[in-house]
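Here the structure is laid out as C-alpha coordinates; the discussion comes afterwards.
We number each residue from 1, following the sequence as shown. In listed order, ligands and their atoms are each counted from 1.
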Amino acid sequence: MKAVFPGSFDPITSGHMDVLTRASRIFDTVTVTVMHNARKQGRHLFTLDERLDILRAATGHLENVGVDSFGGLLVDYMAQEHKGIILRGLRAVSDYEYELQIAHLNRQIGEVETVFIMAATRWSFVSSSMVREIASYGGDIREMVPRASAEALRLKYADVYEERENAAASARPDTRTGAQESAAEP
Ligand code: PNS
(Lines give C-alpha, C1' and ligand atoms only; values in the text may rest on other atoms or scores of the structure.)
Protein backbone atom coordinates (compact mmCIF):
# COMPACT_ATOMS: atom_id res chain seq x y z
CA MET A 1 0.00 0.00 0.00
CA LYS A 2 1.23 3.48 -0.94
CA ALA A 3 0.75 6.60 1.18
CA VAL A 4 1.02 10.31 0.51
CA PHE A 5 1.98 12.59 3.41
CA PRO A 6 0.81 16.06 2.33
CA GLY A 7 1.54 19.32 4.09
CA SER A 8 3.11 22.76 3.97
CA PHE A 9 6.35 21.62 5.68
CA ASP A 10 7.53 25.17 6.36
CA PRO A 11 9.78 23.56 7.58
CA ILE A 12 9.46 19.86 8.44
CA THR A 13 9.55 19.27 12.23
CA SER A 14 10.56 16.38 14.48
CA GLY A 15 6.84 15.61 14.89
CA HIS A 16 6.49 15.23 11.11
CA MET A 17 9.64 13.08 11.09
CA ASP A 18 8.24 10.84 13.83
CA VAL A 19 4.99 10.26 11.89
CA LEU A 20 6.87 9.76 8.62
CA THR A 21 9.44 7.33 10.03
CA ARG A 22 6.76 5.17 11.63
CA ALA A 23 4.64 5.29 8.45
CA SER A 24 7.65 4.16 6.40
CA ARG A 25 7.62 0.91 8.41
CA ILE A 26 3.93 0.34 7.69
CA PHE A 27 3.51 1.36 4.03
CA ASP A 28 5.42 0.11 0.98
CA THR A 29 6.18 3.69 -0.03
CA VAL A 30 5.45 7.11 1.43
CA THR A 31 5.60 10.28 -0.69
CA VAL A 32 6.01 13.51 1.25
CA THR A 33 4.22 16.09 -0.89
CA VAL A 34 4.52 19.82 -0.40
CA MET A 35 1.12 21.23 -1.30
CA HIS A 36 1.58 24.76 -2.57
CA ASN A 37 -0.53 27.56 -3.87
CA ALA A 38 1.14 30.18 -6.07
CA ARG A 39 -1.21 32.83 -4.63
CA LYS A 40 -0.07 32.01 -1.08
CA GLN A 41 3.66 31.77 -1.87
CA GLY A 42 4.53 34.93 0.09
CA ARG A 43 2.96 33.55 3.28
CA HIS A 44 5.69 30.96 3.77
CA LEU A 45 9.09 31.48 5.34
CA PHE A 46 10.77 29.05 2.94
CA THR A 47 10.27 28.96 -0.81
CA LEU A 48 8.94 25.77 -2.37
CA ASP A 49 12.44 24.86 -3.58
CA GLU A 50 13.93 25.45 -0.13
CA ARG A 51 11.26 23.27 1.49
CA LEU A 52 11.90 20.50 -1.03
CA ASP A 53 15.67 20.69 -0.43
CA ILE A 54 15.15 20.47 3.34
CA LEU A 55 12.78 17.52 2.90
CA ARG A 56 15.21 15.65 0.64
CA ALA A 57 18.03 16.12 3.14
CA ALA A 58 15.86 15.15 6.12
CA THR A 59 14.39 12.01 4.55
CA GLY A 60 17.36 10.75 2.51
CA HIS A 61 18.01 7.91 4.99
CA LEU A 62 14.47 6.50 4.59
CA GLU A 63 14.68 4.22 1.56
CA ASN A 64 10.99 3.98 0.71
CA VAL A 65 10.26 7.69 1.21
CA GLY A 66 10.11 10.11 -1.74
CA VAL A 67 9.57 13.86 -1.99
CA ASP A 68 7.22 15.66 -4.37
CA SER A 69 5.18 18.86 -4.72
CA PHE A 70 1.80 19.79 -6.15
CA GLY A 71 -0.07 23.04 -6.67
CA GLY A 72 -3.77 22.24 -6.55
CA LEU A 73 -6.37 20.15 -4.80
CA LEU A 74 -5.05 17.17 -2.90
CA VAL A 75 -7.73 14.91 -4.39
CA ASP A 76 -6.55 15.83 -7.90
CA TYR A 77 -3.01 14.88 -6.92
CA MET A 78 -4.24 11.62 -5.40
CA ALA A 79 -6.12 10.81 -8.63
CA GLN A 80 -2.86 10.84 -10.63
CA GLU A 81 -1.38 7.37 -11.15
CA HIS A 82 -2.03 5.11 -8.19
CA LYS A 83 -1.26 7.26 -5.19
CA GLY A 84 -2.92 5.18 -2.41
CA ILE A 85 -4.10 6.79 0.81
CA ILE A 86 -3.55 10.15 2.51
CA LEU A 87 -1.45 10.07 5.67
CA ARG A 88 -1.79 12.78 8.30
CA GLY A 89 -0.33 13.15 11.78
CA LEU A 90 -2.34 14.01 14.88
CA ARG A 91 -0.63 15.70 17.83
CA ALA A 92 -3.54 16.42 20.14
CA VAL A 93 -7.33 16.39 20.27
CA SER A 94 -7.26 19.98 19.05
CA ASP A 95 -5.94 18.78 15.67
CA TYR A 96 -8.76 16.29 15.33
CA GLU A 97 -11.66 18.59 14.45
CA TYR A 98 -9.82 20.22 11.53
CA GLU A 99 -8.40 16.94 10.29
CA LEU A 100 -11.78 15.20 10.53
CA GLN A 101 -13.38 17.87 8.34
CA ILE A 102 -10.64 17.65 5.70
CA ALA A 103 -10.64 13.84 5.71
CA HIS A 104 -14.43 13.77 5.19
CA LEU A 105 -14.24 16.41 2.44
CA ASN A 106 -11.46 14.58 0.63
CA ARG A 107 -13.47 11.35 0.75
CA GLN A 108 -16.57 13.15 -0.47
CA ILE A 109 -14.95 14.98 -3.39
CA GLY A 110 -12.27 12.45 -4.28
CA GLU A 111 -13.16 9.10 -2.68
CA VAL A 112 -9.76 9.07 -1.02
CA GLU A 113 -9.18 7.52 2.39
CA THR A 114 -7.15 9.21 5.11
CA VAL A 115 -5.15 7.35 7.75
CA PHE A 116 -3.88 9.07 10.91
CA ILE A 117 -0.78 8.34 12.92
CA MET A 118 -0.53 9.86 16.38
CA ALA A 119 2.72 11.78 16.83
CA ALA A 120 4.68 10.84 19.97
CA THR A 121 3.58 12.94 22.95
CA ARG A 122 6.96 14.66 23.19
CA TRP A 123 6.13 16.41 19.92
CA SER A 124 2.56 17.35 20.85
CA PHE A 125 3.48 21.03 21.29
CA VAL A 126 5.77 21.31 18.29
CA SER A 127 4.49 22.95 15.11
CA SER A 128 6.24 24.54 12.14
CA SER A 129 4.76 27.92 13.08
CA MET A 130 6.06 27.76 16.68
CA VAL A 131 9.47 26.65 15.48
CA ARG A 132 9.58 29.58 13.04
CA GLU A 133 8.56 31.95 15.84
CA ILE A 134 11.29 30.69 18.21
CA ALA A 135 13.92 30.77 15.46
CA SER A 136 12.97 34.34 14.53
CA TYR A 137 14.24 35.36 18.00
CA GLY A 138 17.36 33.22 17.74
CA GLY A 139 16.05 30.55 20.15
CA ASP A 140 17.25 26.96 20.28
CA ILE A 141 15.07 24.81 18.02
CA ARG A 142 17.53 21.95 17.41
CA GLU A 143 15.48 19.38 19.39
CA MET A 144 12.26 20.26 17.57
CA VAL A 145 13.36 19.85 13.97
CA PRO A 146 15.62 17.60 11.91
CA ARG A 147 19.14 18.90 11.29
CA ALA A 148 18.34 20.11 7.75
CA SER A 149 15.50 22.32 9.06
CA ALA A 150 17.66 23.64 11.92
CA GLU A 151 20.46 24.58 9.52
CA ALA A 152 18.04 26.28 7.12
CA LEU A 153 16.41 28.25 9.96
CA ARG A 154 19.82 29.28 11.27
CA LEU A 155 20.75 30.56 7.83
CA LYS A 156 17.43 32.39 7.42
CA TYR A 157 17.92 34.15 10.76
CA ALA A 158 21.74 34.28 10.70
CA ASP A 159 21.88 37.89 11.89
CA VAL A 160 19.56 37.21 14.86
CA TYR A 161 21.50 34.11 15.96
CA GLU A 162 24.81 35.96 15.60
CA GLU A 163 23.59 38.89 17.66
CA ARG A 164 22.33 36.53 20.38
CA GLU A 165 25.60 34.59 20.46
CA ASN A 166 27.64 37.80 20.65
CA ALA A 167 25.48 39.03 23.53
CA ALA A 168 25.90 35.69 25.36
CA ALA A 169 29.68 35.74 24.78
CA SER A 170 30.10 39.27 26.10
CA ALA A 171 28.02 38.38 29.20
CA ARG A 172 30.36 35.48 30.05
CA PRO A 173 33.28 36.11 32.46
CA ASP A 174 36.65 36.18 30.67
CA THR A 175 38.08 32.79 31.63
CA ARG A 176 41.18 33.07 29.41
CA THR A 177 43.02 35.68 31.47
CA GLY A 178 41.22 35.35 34.78
CA ALA A 179 40.81 39.13 34.44
CA GLN A 180 37.60 39.22 36.49
CA GLU A 181 39.08 37.35 39.48
CA SER A 182 42.25 39.46 39.63
CA ALA A 183 40.24 42.65 39.21
CA ALA A 184 38.15 41.67 42.25
CA GLU A 185 41.24 41.06 44.42
CA PRO A 186 42.40 43.93 46.68
O1 PNS B 1 0.80 21.26 6.85
P2 PNS B 1 -0.61 21.75 6.70
O3 PNS B 1 -0.60 23.23 6.38
O4 PNS B 1 -1.48 21.40 7.86
O5 PNS B 1 -1.23 21.00 5.42
C6 PNS B 1 -2.54 21.25 4.98
C7 PNS B 1 -2.71 20.71 3.54
C8 PNS B 1 -1.64 21.35 2.66
C9 PNS B 1 -2.55 19.22 3.55
C10 PNS B 1 -4.13 21.09 3.03
O11 PNS B 1 -4.30 22.47 3.18
C12 PNS B 1 -4.31 20.69 1.59
O13 PNS B 1 -4.53 19.54 1.29
N14 PNS B 1 -4.20 21.68 0.68
C15 PNS B 1 -4.33 21.45 -0.74
C16 PNS B 1 -5.63 22.08 -1.26
C17 PNS B 1 -6.81 21.18 -0.95
O18 PNS B 1 -6.90 20.07 -1.40
N19 PNS B 1 -7.74 21.71 -0.15
C20 PNS B 1 -8.94 20.96 0.21
C21 PNS B 1 -8.80 20.30 1.55
S22 PNS B 1 -8.62 21.53 2.78
Below 3.5 Å, can you tabulate the donor-acceptor pairs from side chains in residues 68-78 to any protein atom, sequence neighbours excluded?
from	atom 1	to	atom 2	distance (Å)
Asp68	OD2	Tyr77	OH	2.7
Tyr77	OH	Thr33	OG1	2.9

If you look only at pairs with a residue in residues 20-38, which of them pass as a salt bridge (charged side-chain N to carboxylate O under 4.0 Å, His left out), with sequence neighbours excluded?
-> Asp18-Arg22
Taking C-beta and beyond as the side chain, do His16 and Phe5 meet within less than 4.5 Å on heavy atoms?
-> yes
Glu97 atom CD, over 12 foreign heavy atoms within 6.0 Å | no
Under 4.0 Å from ligand 1 - residues by heavy atom, chain and number = Gly7, Ser8, Met35, Gly72, Leu73, Leu74, Arg88, Ile102
Interatomic distance, Arg88 atom CZ to Ile102 atom CD1 [nearest 0.5 angstrom] = 6.0 Å
Could you give all pairs that pass the salt bridge (charged side-chain N to carboxylate O under 4.0 Å, His left out) test and reach residues 4-16, with sequence neighbours left out?
-> Asp10-Arg132
